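Notes follow the structure.
All values reported here derive from a predicted model rather than from experimental measurement.
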Amino acid sequence: MANLLIKTADELRDSEVEARAGARRTARETPVLRAVLRLFADSGGPVSVAVVTAQFPNADREAIGTTLTSFNDDDLLVLRGDTIELAYPFSTVPTPFVVRRADGRERYTCCAIDALGIAPMLNEDVEITTLCHHCNATLQFPVGPEGPSSGAHDLMAWVTRMRPDDERACTGL
């Protein structure tokens, strides 16, 4: 007979993941990352480092560049040369997760959780369009800053751990 191993929540907790998530939340509150996210929300991206730097006319350009590089290293955005090609939750390449803003502009997000977070992040109603992972049927439902509409009551977002060989969260797109 096999032994059933029972663990407490504290034993299951991954303090390394929790610390990283806390650092990511803190970084999202910095003026530089907030500016990047606003630019992606408004334009859809990609966004040049020069455009980000222009948001801070009195700041040291080199310091902003260093900050953006650290965000790239921490997997908060993808910086290639002088261009930010992705800034979580926004993707510049088509994904199965499309968020239509109230004014009709559409933005791609990196995953379902990111799509669900756009409405509260921008404090506006949005509509999410995606495909069912199981049957490939189109799913479309409104989400407000307070959460999904009652029309989404039978939908579920599936969350998995990153694979050990994934270098960045967006690898799973």
- Message: Does atom CZ (R61) have a neighbourhood of more than 12 heavy atoms from anything else shown, all under 6.0 Å?
- Response: no
- For the residue pair P31 and F56, what are the closest heavy atoms and their distance? O-CZ, 3.4 Å
- Message: Tell me whether L116 shares a hydrophobic cluster with L131, the cluster being built from Ile, Leu, Val, Met, Phe, Trp, Tyr side chains joined at under 4.5 Å.
- Response: no
- Does a side-chain heavy-atom distance below 4.5 Å link T92 with P46? yes
- Is any side-chain heavy atom of T69 closer than 4.5 Å to a side-chain heavy atom of L79? yes
- Message: Tell me whether T109 contacts the main-chain N or O of D114 through its side chain, where contact means a donor paired with an acceptor under 3.5 Å.
- Response: no
- Are V126 and V98 connected in a single hydrophobic cluster, I mean Ile/Leu/Val/Met/Phe/Trp/Tyr linked by side-chain heavy atoms less than 4.5 Å apart? no
- Less than 4.5 Å apart, any side-chain heavy atom of C110 and any of T95? no
- Task: Would you name the heavy atoms of Y88 and L77 that are closest together and state the gap between them?
- Result: CD1-N, 4.1 Å
- Co-members of the apolar cluster containing L5 [side chain, <4.5 Å]: none
Please list, one pair per line, the donor and acceptor atoms closer than 3.5 Å that link side chains of residues 135-145 to other protein atoms, with sequence neighbours excluded.
| from | atom 1 | to | atom 2 | distance (Å) |
| --- | --- | --- | --- | --- |
| Q140 | NE2 | E127 | OE1 | 3.0 |
| Q140 | NE2 | T129 | OG1 | 3.0 |

- Message: Main chain of E85, side chain of T83: is a donor-acceptor contact present, judged purely on distance under 3.5 Å?
- Response: no
- Query: In this structure, are over 12 heavy atoms from other groups packed under 6.0 Å from D60 atom CG?
  - Reply: yes
- Would a 4.5 Å heavy-atom cut-off, applied to side chains only, mark R107 and F97 as touching? no
- For P57 and A54, the nearest pair of non-hydrogen atoms, with its separation, is CD-O, 3.7 Å
- Item | Contact check, side chains of P148 and I128, non-hydrogen atoms, under 4.5 Å | no
- For the residue pair I84 and V52, establish whether any side-chain heavy-atom pair is separated by less than 4.5 Å. yes
- Query: Which heavy atom in T130 sits nearest to a heavy atom in P96, and how many Å separate them?
  - Reply: OG1-O, 2.8 Å
- Item | Y108 side chain reached by V93 side chain, heavy atoms, under 4.5 Å | no
- Neighbour count >12 (heavy atoms, 6.0 Å) for atom CD, E62: no
- Are R101 and E124 close enough for a salt bridge, meaning some N to O gap below 4.0 Å? yes
- Note on the structure: When every non-hydrogen atom of P89 is compared with those of I118, the smallest separation belongs to CG-CD1, 3.5 Å
- Query: Roughly how far, to the nearest 0.5 Å, is CG of N72 from OG1 of T67?
  - Reply: 12.5 Å
- What is the minimum heavy-atom distance between L33 and F71, and which atoms define it? CB-CE1, 3.6 Å
- Message: Measuring only between side-chain heavy atoms, which start at C-beta, is V36 closer than 4.5 Å to L76?
- Response: no
- Item | Test log, rule salt bridge (charged side-chain N to carboxylate O under 4.0 Å, His left out), inputs E29 and R34 | CA-CA 6 Å; E29 296 301 320; R34 289 178 68 86; 3.3 Å; yes
